[in-house]
Each structure stands twice: as structure tokens, then as C-alpha cells.
Number of protein chains: 2
Amino acid sequence: MSQTVDRALSILPLLAEGPANLEQVATRLGVHKSTALRLLRTLHEHGIVHRQPDQRYRLGARLFALAQQAVENLDVREIAHPHLVELNAQTGHTVHLAVHEEDEVLYIDKVESRYPVRMYSRIGKPVAITVAAVAKLLLADLPEPERRSVAEGLDYPRYTARSITNSSAFLAELAKVREQGWATDLGGHEESINCVAAPVHGPDGRCVAAMSVSAPNVVVSADELLTLLPLVRRTAEAISAEYSGKTPPRQSPSEASPS
Amino acid sequence: MSQTVDRALSILPLLAEGPANLEQVATRLGVHKSTALRLLRTLHEHGIVHRQPDQRYRLGARLFALAQQAVENLDVREIAHPHLVELNAQTGHTVHLAVHEEDEVLYIDKVESRYPVRMYSRIGKPVAITVAAVAKLLLADLPEPERRSVAEGLDYPRYTARSITNSSAFLAELAKVREQGWATDLGGHEESINCVAAPVHGPDGRCVAAMSVSAPNVVVSADELLTLLPLVRRTAEAISAEYSGKTPPRQSPSEASPS
DNA sequence: AATGCGTATTGCAGGTAATGCAATGAATCG
DNA sequence: CGATTCATTGCATTACCTGCAATACGCATT
């Protein structure tokens with residue numbers, strides 16, 4: 001809509017790949033160097049990009065700070081966190097919290113496994129939307145037309161032999177998940193990783209977030225992981241109840257600031 | 001430099017405070033609603049802002065993803081991480097890694113304490129630059145004129161009775177830190193929290209990052225924490241050596257992706 | 001030092017594209 | 001059903017963005 005802003009914002013993903021100098025930015029943006037310079041200057045003034053000693057540009061600190069503030073303002077996260085910690089304490093496995101936004105599903109909180117074999121994931125990172133258990137729950141909750149249109153607009157990478165690889169299979173899976181009220185991913189993303197997930201509902205019944213417990217085969221088998229399902233569902237329901245104001249918020253642990 | 005981009009970017013910190021509707025954005029930006037709308041649309045197309053069901057705008061998912069990628073491209077972080085984990089395993093305390101950028105010092109990595117009493121901090125968040133041990137190290141490394149000008153441009157909030165509250169005291173502290181090659185914060189930010197920190201040097205000898213171990217008084221006294229200093233310094237030097245290519249990188253632990 | 005090369009930066013004139021206005025939709029509420 | 005509020009659109013005006021070309025800067029080479 002706004003050409004100038006559009007160009008400026010297009011610089012960001014470009015810099016996310018790694019540092020670049022003025023000429024590279026100008027070329028990849030398809031504009032004159034002087035134009036790129038002015039855009040970069042403006043981004044720089046706002047701290048969105050940073051200039052390295054070698055004059056190349058990188059994404060800057062304020063971007064972190066913004067993302068930070070944004071994630072802290074998500075009230076589901078705030079409420080859910082102690083529950084995630086507790087679930088982690090009870091099971092020992094990695095616990096994730098995810099939300100749906102703009103055709104992406106992304107982790108907004110995580111508590112690490114106590115086992116030495118960890119899985120790679122990061123808060124803020126989009127999940128494998130076609131296979132992740134949390135993604136299934138969040139998409140399954142969409143109204144039919146939107147669910148269909150989203151499903152048909154996705155790519156279906158074949159991460160493993162057990163990945164879902166087309167929209168009709170995905171929609172069928174979503175229907176099943178919608179029906180049963182929980183979801184799994186059994187080796188659909190990484191051959192050796194299984195997850196069970198349950199939905200967090202808002203006061204209007206819509207699914208506002210989903211949480212999952214993930215563990216590699218080498219620690220527990222899929223069957224064993226499934227025995228945790230009732231616990232996961234209870235936890236998700238506790239979060240839902242609190243989020244909807246049906247339960248008083250829990251006492252939060254003491255916190256202070258370091259240097 | 002570019003008015004349009006400038007205005008668009010000014011929306012971000014505004015939305016970071018919390019969701020806002022079109023009129024609020026337009027008012028706080030000092031522009032007509034239609035102008036604000038077009039800016040928000042452009043931000044929206046790029047996923048930088050998100051539109052809630054109630055039509056209000058929030059910071060969006062792509063912002064996280066960008067911040068994510070940015071932090072992952074910091075190679076110091078990559079190298080340092082296993083060392084931080086190890087230091088945490090050895091001490092049990094919270095370990096931070098921080099860098100200096102554009103008059104701010106911010107955490108880029110963190111390993112949580114094993115003790116129940118945790119401290120509040122988040123990756124991406126600027127630190128209390130006038131008192132934090134890591135900030136002292138990073139600023140102490142600047143060349144004299146810049147160090148002075150930065151120090152004089154700072155605010156000196158009195159977090160506690162032990163906070164540094166003026167630029168000359170700060171410069172004196174920096175001189176001391178520069179001399180001794182390590183830094184502390186003994187209750188300067190939070191009365192009951194102490195930290196010891198050591199610098200990570202690049203191949204050219206410049207201080208590229210700083211790491212710290214932080215613990216509350218209730219867990220260990222300041223004196224006890226200081227006994228960890230040699231360990232902290234050794235760890236920082238190990239990171240420096242590896243970062244400068246003087247040591248082969250360590251084997252990273254097995255990692256896989258969850259759902 | 002002086003020269004040359006590759007960048008980054010600046011001033012300027014032309015014209016596009018951003019702006020504000022006013023009118024229209026859409027949605028909520030009494 | 002009318003009134004109110006807020007988002008959205010079309011349009012005329014001109015501010016601001018753009019690309020060009022000239023200049024300055026940093027760095028290496030001799």
C-alpha cells in the first residue's frame with residue numbers, strides 16, 4: 001500500500017539472512033543506492049537496524065526489545081507459564097505453548113526437558129504447521145471455510161515418512177482432532193520425536209492457544225507418552241479456566257532482576 | 001530521513017505497549033486516520049503487525065521470527081552457548097551473555113538458575129547499563145573519548161543505595177574494571193542480587209561480549225559468589241579462544257525438532 | 001605522499017506517490 | 001430504526017521520495 005514503507009520493510013528479511021552492505025541492499029531491493037541509504041538511515045534511527053564497524057548493516061537491538069515486549073503482552077502466556085513449569089516438573093519433558101496468527105503457528109513459550117537429549121525449537125519460531133500437534137489443534141478450531149482455505153494454501157513438506165503431505169489428508173486429520181479434542185504428532189516432523197497436545201480455550205470457547213509435551217523415542221515410547229494425555233488435558237483445562245476468569249490466578253514465584 | 005517510514009516505525013513502540021485501534025494510532029502519530037490506516041496496512045502485509053478479531057492492531061509474528069533469526073546469526077552466541085550451559089551446570093546459578101549495541105547493552109543468551117529463586121530477565125532486553133557487571137565490561141572496553149561521551153549521555157537511576165548515580169563515578173568504575181579485567185555488581189540493581197562477570201574477546205582483542213553469573217543473597221553471599229570468579233574468567237577465555245579460532249569448536253549435543 | 005579504486009554520501013530537479021479531506025460503509029447501541 | 005462510532009475509499013493537492021550525477025571518504029598500492 002505504501003511503497004516507501006513497503007521497501008523499507010523488505011530490507012528486514014534480507015538483513016535477517018546476514019549482514020549486508022549498502023550496494024547489496026540496493027540491488028536486492030531494486031532501487032538506487034541513495035534510496036536504499038535513506039531507508040536504511042531511517043531504520044537505523046529507530047534502532048531497527050544496526051551498523052557494524054565494517055559499515056555493513058545488521059538487524060538491531062530494538063527489534064529484540066520490541067519482540068520481547070510483544071510476547072510479554074500476550075496474557076495467555078503470562079497465565080500459562082506456571083502451569084507449563086509444573087507440567088514439566090511432573091513429566092520431565094519439553095513443554096511448548098503455541099498460538100495461531102496469520103497463517104502461521106508459533107511457539108510463544110517453552111520449558112526445556114530435564115533429559116539430556118533436547119529438541120531444537122525457539123520461542124517466536126514458526127512451527128511445522130502441517131504436522132505439529134499444536135498446529136492441528138489451532139487450525140482444527142477455525143470455522144470450516146477458513147480451515148479449508150488455509151489447508152489448501154499450505155505447503156506439505158515430507159519431513160518424514162509419517163508426515164502429512166496433502167491438504168485432504170490434513171483436513172481429515174483436523175476433523176479427527178476437532179472431534180477428539182486433542183492431537184498428536186507421532187514422528188511426523190522428526191522421525192524420533194513424539195508429541196501430545198491439548199487446546200487452551202478462551203471464555204468464548206475459541207481455541208486461543210495449544211500446549212504440547214514432546215519427547216524423543218529414546219526417552220519414552222509413543223505409547224508411554226500417550227499415557228500423559230489426561231495430565232496434559234487437565235493442565236490445558238486449568239489454563240483455560242484461569243484465562244477465562246473462572247479460577248483465581250495462582251501465586252507467582254518470587255522474582256527479581258539480575259545484572 | 002524518510003518521513004513515511006519514520007512514521008510507520010513510530011507505530012511499533014506504540015503497539016508494543018499494547019493493542020491499539022486505528023484512531024489511537026492516528027492520534028498518537030499526529031496524522032490523519034487514513035494515513036495511519038495505510039501505514040498499518042503495509043505493516044500488516046509484512047506480518048509486522050497483526051490484526052486482532054476486535055480489529056485492533058498488535059505487534060505480529062514476523063517480528064518474533066526476525067528477532068529470532070537476528071539473534072541466531074550472532075556467532076558469539078552460537079559458540080558461547082555450550083560454555084554457558086556448562087558453567088550453569090557447575091555453579092547452578094543463572095548465566096547471562098550480553099553484547100553492546102547502539103548505546104545499549106542487551107542479553108543475547110541466558111541459562112536459568114537451578115535454584116527455585118529465579119531472577120527476572122529476558123533475552124533481548126536491555127540491561128541496567130549503569131550498574132550491570134556485563135555493561136561495565138563492555139563499556140570499559142570502548143576507546144576513551146567514546147566511553148566518556150557514552151557515560152555522559154546516560155541516565156543514572158538510583159535502583160538501590162549501592163547504584164552508581166553519576167557519570168564520574170561510573171567512569172571511575174569503568175577504569176577499575178578495565179584495569180582488572182573483570183567486573184561485579186553487588187546489589188547495584190537489585191538489593192539482594194550479586195553478579196560477577198568476565199569479558200569475551202575477539203581476535204583483535206576487542207571485547208565482543210561479556211558473560212556473568214548472578215545469584216541472590218539468599219542462595220550465596222557476595223563473598224561466596226566471588227570465589228567463582230576464576231571459573232567465570234576461565235570460561236570467558238575459553239569462549240574467546242574458540243571465537244578467535246584458537247581452539248577447535250566443541251562437539252554440540254544432539255538436537256532434533258519437536259511439534 | 002600520491003594515486004587510484006570501491007564505497008558511501010550529498011544536492012538537486014522532476015514527478016510520483018503520500019497526504020488530508022470529505023463522503024461512504026459497516027457495526028454497535030439505545 | 002435512527003444515532004453514534006469507527007473503519008474505509010476516492011480524489012485533488014503538493015509534499016516528499018526518487019534517481020542522477022557529483023563529491024567525499026576509506027583503503028590499499030606504489
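Proteins get letters first, then strands, A, B, ... in listed order; numbering begins at 1 in each.
- Residue A:Arg41 contributes atom CZ, which lies 15 Å from atom C1' of D:dC17 at whole-angstrom precision.
- In terms of phosphate contacts, A:Arg38 brings no side-chain nitrogen or oxygen within less than 4.0 Å of OP1 or OP2 of D:dG19.
- Atom CD1 in B:Ile11 sits roughly 14 Å away from atom C1' in C:dA18 (whole-Å rounding).
- When the P atom of C:dA26 is taken as reference, atom CG of B:Leu37 falls 15 Å away, rounded to whole Å.
- Annotation: of the two residues near DNA chain C, A:Thr4 and A:Tyr57, the 5′-most nearest-nucleotide partner is A:Tyr57.
- Whole-Å rounding puts the A:Lys33 NZ to D:dA22 P distance at 14 Å.
- Counting to the nearest Å, the C1' atom of D:dG10 and the CE atom of A:Met1 are 12 Å from each other.
- Looking at A:Arg62, its side chain never comes within 3.5 Å of a backbone N or O of A:Ile48 through a donor-acceptor pair.
- Between A:Arg7 and C:dA17 there is no side-chain polar atom (N or O) within less than 4.0 angstrom of OP1 or OP2.
- Side chain of B:Gln52 to backbone of B:Asp54: no donor-acceptor contact under 3.5 angstrom is found.
- Between B:Glu23 atom CD and D:dT8 atom C1' the separation is 13 Å, expressed in whole Å.
- Atom NE2 of B:His44 is separated from atom P of D:dT8 by 11 Å (rounded to the nearest Å).
- A donor-acceptor pair under 3.5 Å links the side-chain atoms of A:Thr42 to the main chain of B:Ser2, judged by distance alone.
- Residue B:Gln55 has no polar side-chain atom (N or O) positioned under 4.0 Å from OP1 or OP2 of D:dA7.
- Taking atom NE2 of residue B:His32 and atom P of nucleotide D:dA7, one finds them 12 Å apart after rounding to whole Å.
- Side-chain atoms of A:His201 and A:Asp141 form no donor-acceptor pair, as typed in the model, at a separation below 3.5 Å.
- Here B:Ser34 does not reach the OP1 or OP2 of C:dT19: none of its side-chain N or O atoms lies under 4.0 Å away.
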